[in-house]
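What follows is a short report on a single structure.
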Amino acid sequence: MMRSMNSAVSALRNHQLRMDVIGNNIANVNTIGFKSSRVTFKDSLSQMLRGARGPDTSRGGTNPQQVGLGMDLSSVDTLFTTGVPDRTDRGLDVMVNGEGFFMVSADGTDNGMYYTRAGNFDIDEDGNLVNADGLRVLGYKTDASGNVGTEIGGIVVPLADSIPPIATTSVTMEGNLDSRTADTALGRQTEITVIDSLGTSHKISLAFTKTGPNAWSVTPTTVADPPQPAGTAVNITFDTNGKLTSGGSLSGSLALTNGATTPLTFTIDMSELTQYGTESNALMRSQNGSPVGVLTSYAIGQRGEVEGVFSNGRTKILGQIATSIFANPAGLVKMGGNLYRSSANSGDPQ
């Protein structure tokens, strides 16, 4: 009687552990990055009442007779399967697609490293990328130009960061010049914008004057009173199909007195202009300069790049979140707070 009671008690005790695990799984159904667990059992020792006996010439064989003495806990396994993505519409929420763990620590170094699957990150007052408990997220650092390096440390979003200006070296024009314009008449006047080495914008007027059949003169001047030359005038010609045949480039030059590099020199590409019998609409399509830009927003890309968006329309990589993988992630030790630490059986982080 006592033996049967002990067997039953062992089952109750271990099934209670299973219920504890199931209850914990249910309790954490909405926990970010949570990985559920399962419980497996094994039978315990058995008492041998009679051993096995092989057959002989006088009698057949018999099987062993054993009485089981209950059951025992075999394992509590953490199931590291990839969860279902949940749209949050928040730029700092990320998830690991596949295996791997984010790395976090208190001081942004590998001292006291923790690992987590929870990617609900934020930015603190100093611009550090942190988790919900203020631990700093580790990743690859970048240089001043946004190139990702190999050094690992805490990712910082420099909230007062800026991108230096780039002086204009090339301007591209597009559009049409009306072939019906009378000779010697001003067929089109448009403005282009160029940027100097300090990020200051300057407007230049381009005057297109019809000089003959399929021929035009293009004169650049400053937008000022009185206007000053801003480069050497050029002649452009078109064929009978309205396509530019010569004079597709103009060299612009602007004398500056504001401390920027002077003169500001640039090339105006007019090779895409056309001459058809419709209204003139030639204008600047693009220029490759940019003013100084200040950080206005940031987001995390699919490869973990923390990308800053600046007021001048340019972007720069501010850091790249790094992840670690383990040979045996089930060997990690749960530390609470969605955190894990490596153990003797998890393997080293890679």
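Just so it is clear, the model here is predicted, and its values are computed rather than measured.
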Would one find more than 12 heavy atoms of other residues, nucleotides or ligands at under 6.0 Å from atom [atom1] of [X]?
X      : atom1 : value
Tyr140 : OH    : no
Met19  : CE    : no
Glu279 : CD    : no
Asn111 : CG    : yes
Asn97  : CG    : no

Please report the closest heavy-atom contact between [X] and [Y], naming both atoms and the distance.
X      : Y      : result
Trp216 : Gly187 : CZ3-CA, 3.8 Å
Tyr298 : Val157 : CD2-CG1, 3.8 Å
Ile204 : Ala230 : CG2-CB, 3.9 Å
Gln189 : Ser205 : NE2-OG, 2.8 Å
Ile321 : Val306 : CG1-CG2, 4.3 Å
Thr82  : Val96  : CG2-O, 4.1 Å

Would [X] and [Y] show up in the same hydrophobic cluster when neighbours are defined by side-chain heavy atoms closer than 4.5 Å?
X      : Y      : answer
Val309 : Ile317 : no
Leu198 : Ile163 : no
Val171 : Ile236 : yes
Met113 : Ile155 : no
Ile268 : Leu256 : yes

Flag side-chain contact, heavy atom, 4.5 Å: [X] against [Y]:
X      : Y      : value
Arg314 : Ser290 : yes
Ile192 : Gln287 : no
Lys334 : Lys35  : no
Arg180 : Tyr276 : no
Lys141 : Val156 : no
Asn214 : Thr237 : no
Thr78  : Leu332 : no
Tyr340 : Ser346 : no

Please answer whether the main-chain N or O of [Y] pairs with a side-chain N or O of [X] as donor and acceptor at a distance below 3.5 Å.
X      : Y      : result
Asn345 : Gly331 : no
Asn281 : Gly175 : no
Thr222 : Gln228 : yes
Lys210 : Thr181 : yes
Asn28  : Asn24  : yes
Arg285 : Glu174 : no
Asn120 : Ile32  : no
Ser280 : Asp178 : yes
Arg90  : Phe121 : yes
Thr211 : Ala215 : yes

From [X] [atom1] over to [Y] [atom2], what is the distance, rounded to the nearest 0.5 angstrom?
X      : Y      : atom1 : atom2 : value
Gln47  : Gln65  : CD    : CD    : 11.5 Å
Asn338 : Asn131 : CG    : CG    : 8.5 Å
Leu295 : Leu159 : CG    : CG    : 7.0 Å
His15  : Leu73  : NE2   : CG    : 11.0 Å
Asn25  : Phe34  : CG    : CZ    : 5.0 Å
Met103 : Ile152 : CE    : CD1   : 4.5 Å

- request: Any chance you could lay out the side-chain hydrogen bond (donor to acceptor under 3.5 Å, both in side chains) test for Ser342 and Asp348, step after step, and finish with the verdict?
  value: CA-CA 7 Å; Ser342 58; Asp348 294 329; 6.0 Å; no
message: Do Arg117 and Phe102 form a cation-pi contact, if we require the NZ or CZ to be under 6.0 Å from the six-membered ring centre and within 45 degrees of the ring's axis?
response: no
message: Go through it in stages, so that I can follow the logic: the residues are Thr209 and Thr219, the test is side-chain contact (heavy atoms from CB on, under 4.5 Å), and I'd like the CA-CA distance, side-chain angles, deciding distance and then a yes or no.
response: CA-CA 8 Å; Thr209 303; Thr219 304; 5.8 Å; no
- request: In sequence, state the C-alpha distance, the side-chain angles, and the governing distance for Met173 and Leu250, and then conclude on side-chain contact (heavy atoms from CB on, under 4.5 Å).
  value: CA-CA 11 Å; Met173 303 293 295; Leu250 185 154; over 6 Å; no
query: Using a distance-only test with no angle check, is there a side-chain donor-acceptor pair under 3.5 angstrom linking Ser75 and Thr40?
result: yes
- request: Please test Val333 against Met335 for side-chain contact (heavy atoms from CB on, under 4.5 Å), starting from the C-alpha separation and ending with a verdict.
  value: CA-CA 6 Å; Val333 179; Met335 305 300 296; 4.0 Å; yes
query: Passes side-chain contact (heavy atoms from CB on, under 4.5 Å), Val76 versus Val39? Steps please.
result: CA-CA 5 Å; Val76 179; Val39 174; 4.2 Å; yes
message: side-chain hydrogen bond (donor to acceptor under 3.5 Å, both in side chains) for Ser311 and Thr296? Distances and angles first, verdict last.
response: CA-CA 6 Å; Ser311 58; Thr296 58; over 6 Å; no
query: According to the interplanar angle, ranging from 0 to 90°, do the rings of Phe326 and Tyr115 count as parallel (below 30°), tilted (30 to 60°) or perpendicular (above 60°)?
result: perpendicular
